[in-house]
Amino acid sequence: MEYGVLLVFIPTFFFVSITPGMCMTLALGLGMSIGFRRTLWMMLGEVVGVALVAVSAVLGIAAIMIKMPWLFVVFKTIGAMYLAYLGLQMWQSKGKMALSDDKLQTSQASNLGLVAQGFITAIANPKGWAFMISLLPPFIQSDLDFAPQLALLVSIIMISEFVCMSIYASGGKALRRLLMNQQNVKTMNRIAGSMMFGVAIWLLMS
């Protein structure tokens, strides 16, 4: 893939991943209650689940595009508009995603149960599906081999998710206090929202 494409994709996905959400708050809660090492089991399930969502989203859209190539331009435009909408929503969130004690989960599950918890959380997240469907396909370049591109993008997603969850799971009480402050969360949301605006503009101009 072109370096320019990766330079847009990597920071965008990282900043979207690092903002508080279902999987990140789960990692923080488990990290504080059962420790980082056991939380790794949940993270394993979550990473696999996110990869499955990403591959399913791209393959579903790709199957349509192969039969109707003109849909690629249409879909890229719709994806860009949706990303701009998500960016606007994040700018207007006013820190509503700030954590509270009732969002932090604990678990007495076995290692296998933690894997299942992470996997189910990932595949049951509707925002995750919407984001993958809108963001990933436009980054696939039609003049290059499909499989290597998909493998690279999904690998980047898995690494980004793992790094972000590790930050949350090992952050402890200091990170918890940081994310309970609405102003801090609003700043994170606006950074992620700005990145999404940037990607939307890039997609429309490319």
Side-chain angles (χ1 to χ4, degrees), residues 1-25 27 43 46-47 49-62 65 72-97 121-123 125-144 146 148-168 178-179 184-206:
M1 295 185 67
E2 296 178 4
Y3 287 116
V5 174
L6 294 178
L7 287 176
V8 173
F9 180 79
I10 293 173
T12 300
F13 196 88
F14 178 82
F15 276 108
V16 171
S17 293
I18 201 69
T19 54
M22 291 174 60
C23 296
M24 297 304 145
T25 55
M43 292 161 60
E46 195 274 349
V47 167
V50 166
L52 178 61
V53 171
V55 172
S56 300
V58 173
L59 290 181
I61 298 300
M65 290 179 179
F72 180 78
V73 177
V74 175
F75 187 81
K76 185 170 71 169
T77 303
I78 294 174
M81 294 173 64
Y82 182 68
L83 287 176
Y85 168 77
L86 291 179
L88 179 62
Q89 292 297 303
M90 297 191 82
W91 263 86
Q92 295 178 338
S93 68
K94 298 180 180 179
K96 292 178 182 178
M97 295 170 68
T121 300
I123 65 173
N125 184 359
K127 290 185 178 180
W129 281 96
F131 182 71
M132 294 299 181
I133 291 173
S134 63
L135 179 62
L136 273 182
F139 277 93
I140 301 293
Q141 296 172 269
S142 57
D143 58 333
L144 300 176
F146 174 77
Q149 293 184 79
L150 179 59
L152 179 58
L153 292 178
V154 172
S155 297
I156 291 172
I157 289 171
M158 295 174 73
I159 293 171
S160 180
E161 284 286 300
F162 179 79
V163 169
C164 291
M165 283 191 296
S166 296
I167 293 173
Y168 273 76
L178 175 70
L179 296 176
N184 293 335
V185 174
K186 182 165 72 171
T187 300
M188 293 175 66
N189 288 341
R190 288 188 170 181
I191 293 174
S194 298
M195 296 295 294
M196 297 180 100
F197 272 122
V199 172
I201 295 172
W202 176 79
L203 288 175
L204 289 173
M205 296 179 64
S206 62

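All residue numbers in this chain count up from 1 along the given sequence. Because the structure is a prediction, the values reported are computed rather than measured.
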Just how far is it from atom [atom1] of [X] to atom [atom2] of [Y], taken to the nearest 0.5 Å?
X    : Y    : atom1 : atom2 : value
M24  : C164 : CE    : SG    : 5.0 Å
F139 : L6   : CZ    : CG    : 9.0 Å
F146 : L59  : CZ    : CG    : 5.0 Å

Sequence neighbours left out, cut at 3.5 Å: what donor-acceptor pairs do the side chains of residues 149-163 make with other protein atoms?
| residue | atom | partner | partner atom | Å |
| --- | --- | --- | --- | --- |
| Q149 | OE1 | Q141 | N | 2.7 |
| Q149 | NE2 | Q141 | O | 2.9 |
| Q149 | NE2 | L144 | O | 3.2 |
| Q149 | NE2 | D145 | O | 2.9 |
| S155 | OG | A151 | O | 2.7 |
| E161 | OE2 | S17 | OG | 2.9 |

Looking only at non-hydrogen atoms, find the nearest pair between M165 and A27 and report the distance. O-CB, 3.8 Å
All heavy atoms of A122 vs all of V50, minimum pair found to be CB-N, 3.7 Å
Measure the shortest side-chain to side-chain distance between Y168 and I18 over non-hydrogen atoms and say whether it is less than 4.5 angstrom. yes
What residues, two or more places apart in sequence or in another chain, satisfy side-chain hydrogen bond (donor to acceptor under 3.5 Å, both in side chains) together with S56? none
